[in-house]
There are 2 protein chains.
Amino acid sequence: MRRTSLNEADCPIARALDAVGDWWSLLIVRDAMFGLRRFGEFQKSLGMAKNILTARLRGLVAAGILDAVPNGAHNDYVLTRKGRDLFTVLVALRQWGETHQFPEGACPVELLDRENRQPVGALELRAADGRRLSADDTMIRLRN
Amino acid sequence: MRRTSLNEADCPIARALDAVGDWWSLLIVRDAMFGLRRFGEFQKSLGMAKNILTARLRGLVAAGILDAVPNGAHNDYVLTRKGRDLFTVLVALRQWGETHQFPEGACPVELLDRENRQPVGALELRAADGRRLSADDTMIRLRN
DNA sequence: AAGTACGGTTTCATGATGAAACCATTGCAA
DNA sequence: TTGCAATGGTTTCATCATGAAACCGTACTT
C-alpha cells in the first residue's frame, strides 16, 4: 500500500491515515456501511480493478475494520465495531464535501435523520462542560 | 495524483476524497492547522520527498484548501476557509485513531479545550431537534 | 453435460512515489 | 565584494503501486 509507514507515529491522525488513508478504503467502508457485503457488489459500486479490491479488502480485514465471514463458497465482508466507528469520519468528510465540493445546495445526496426525514445537523465538537468548540478553541498536548 | 477521478461523483464523500484522499494531503493540512507555513517546515515535519511535497502543495492550492502567499523570496502556505473547515475531519480521524490505533489510553497526544485544559468530548451528530444520532439512526436520500 | 455467474489470481503496461542530485535566489559574514 | 550556507524548489531516475485484461476454479442452472 503506502511506501512510508505511519503506524508507529505518535499522532493518532497519522495512525488513522495509515489504516484508511488510501484512495479506496474509506469508499469501501462507506459502501459497507450502506449495506454492501459481497465482493461483486463492491466492485460494481466502485468500478475499481478486482485485484486492487482484493488487496484493499485484505488490508481492511487485517486492520480489523472488516470481518470476512464465510458465506457459502465465498466471503461476506462486514464491518466490525472498529469499522462502524468510522461513521463519524465519513460524516465529517460528507459534510465538508457537501459544502465545499458542490455549488451551493447542489449536492444530490442528503444524510437524513431516519425518524423525521430531516437533514442532520453539522457535527459538533464540545468541551467537557458543553461549550461548542472551534479549531481556535483547542490545543494539542503531549502526555507526560 | 489519483488515477481515477472522483470529482464528478454524486457522493460528497467521494468528492472530498478526490481533494484530500491521498496519503499526504490531510497531514499537510494538520500541520498547517498547527501553524506551519513554510515549505521547509512541512518537509521537516513530514519527512516526505521534496518533489512530492511540491506536488501536494500545488494540488492543495489548486483545490482552494491552501493559499500560497508570497513572503520575501518564497511562499507561505496558509489555510483558506475551506482548508480550516477540514478541522472536523481531522478531529474525527484523531478520535478514531486514539481509540482504535493505540492500546487503551496509550495515545501520547491529546486534544484539549484551550480554556480549561480538559480533553474535548467526542464529536456528536445531532438531529434537527437535538437528538444524538448514530449511524443506524440515519439514512441517505437522493434529492429529487 | 454444458453454460454461466461469482470470486478471485496472474500478468503486464503505466502512472505515482521517493531518493538523490542539481540549481537559483536570498541573507549573512569575512 | 566575494564567498558561503540556507532555503525552496526542480530534474532525473529507479522502484513500487495501480489498473486493465485475461485467466482460472468452484458452484449453481438448465
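Proteins get letters first, then strands, A, B, ... in listed order; numbering begins at 1 in each.
Heavy-atom distances to DNA chain D give each of A:Ala49 and A:Ala73 a nearest nucleotide, and the one nearer the 5′ end belongs to A:Ala49. Comparing A:Gly72 and B:Asn51 by the nucleotide of DNA chain D that holds the closest heavy atom to each, the one mapping nearer the 5' end is B:Asn51.
Here the closest non-hydrogen pair linking B:Leu90 and B:Leu26 is CD2-O, 3.8 Å.
Within the structure, a side-chain polar atom (N or O) of A:Trp24 is placed less than 4.0 Å from OP1 or OP2 of D:dG19. Contact annotation: A:Arg56 side-chain N/O to D:dT18 OP1/OP2 distance is under 4.0 Å.
Between A:Met48 atom CE and D:dA20 atom P the separation is 10 Å, expressed in whole Å. As rounded to whole Å, 11 Å separates atom P of C:dC6 from atom CD of A:Gln43. Distance CD1 (A:Ile52) to C1' (C:dG15): 12 Å, rounded to an integer number of Å. Protein atom CD1 of B:Ile28 is 11 Å distant from nucleotide atom P of C:dT17, rounded to whole Å. As a whole-Å value, the separation of B:Leu53 CG from C:dA19 C1' is 15 Å. Rounding to whole angstrom units, CG of residue B:Asn71 and P of C:dG27 are separated by 10 Å. In this structure, A:Asp22 atom CG and D:dC16 atom C1' are separated by 15 Å, rounded to whole Å.
Salt bridge B:Arg117/B:Asp113: absent, no basic N to carboxylate O contact under 4.0 Å. Using a cutoff of 4.0 Å between basic side-chain nitrogens and carboxylate oxygens, A:Glu98 and B:Arg15 are not scored as salt-bridged.
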Next item on the list: Apply side chain to side chain donor-acceptor pair (under 3.5 Å) to the pair B:Asn51 and B:Thr54, showing each step before the final yes or no.
Entry: CA-CA 5 Å; B:Asn51 51 347; B:Thr54 301; over 6 Å; no
Note to self: Between A:Leu66 and A:Ile28, is the side chain to side chain contact (heavy atoms under 4.5 Å, CB included) condition met? List the steps.
What the structure shows: CA-CA 10 Å; A:Leu66 291 178; A:Ile28 294 172; 4.3 Å; yes
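Considering A:Arg56, A:Arg30, A:Glu41 as possible partners of A:Leu46, the one that fulfils the side chain to side chain contact (heavy atoms under 4.5 Å, CB included) test is A:Arg30.
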Would you tabulate the pairs of protein nitrogen or oxygen atoms and nucleotide nitrogen or oxygen atoms of nucleotides 6-8 of chain D closer than 3.5 angstrom?
unit_1	atom_1	unit_2	atom_2	d
D:dT7	O3'	B:Arg38	NH2	2.9
D:dG8	OP1	B:Arg38	NE	2.4
D:dG8	OP1	B:Arg38	NH2	2.4
D:dG8	OP2	B:Gly40	N	3.1
D:dG8	O4'	B:His74	ND1	3.4
D:dG8	O4'	B:His74	NE2	3.2
D:dG8	O3'	B:His74	ND1	3.3

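By the rule that hydrophobic residues join a cluster once side-chain heavy atoms approach within less than 4.5 Å of another member, A:Leu123 and A:Leu111 end up as members of one cluster.
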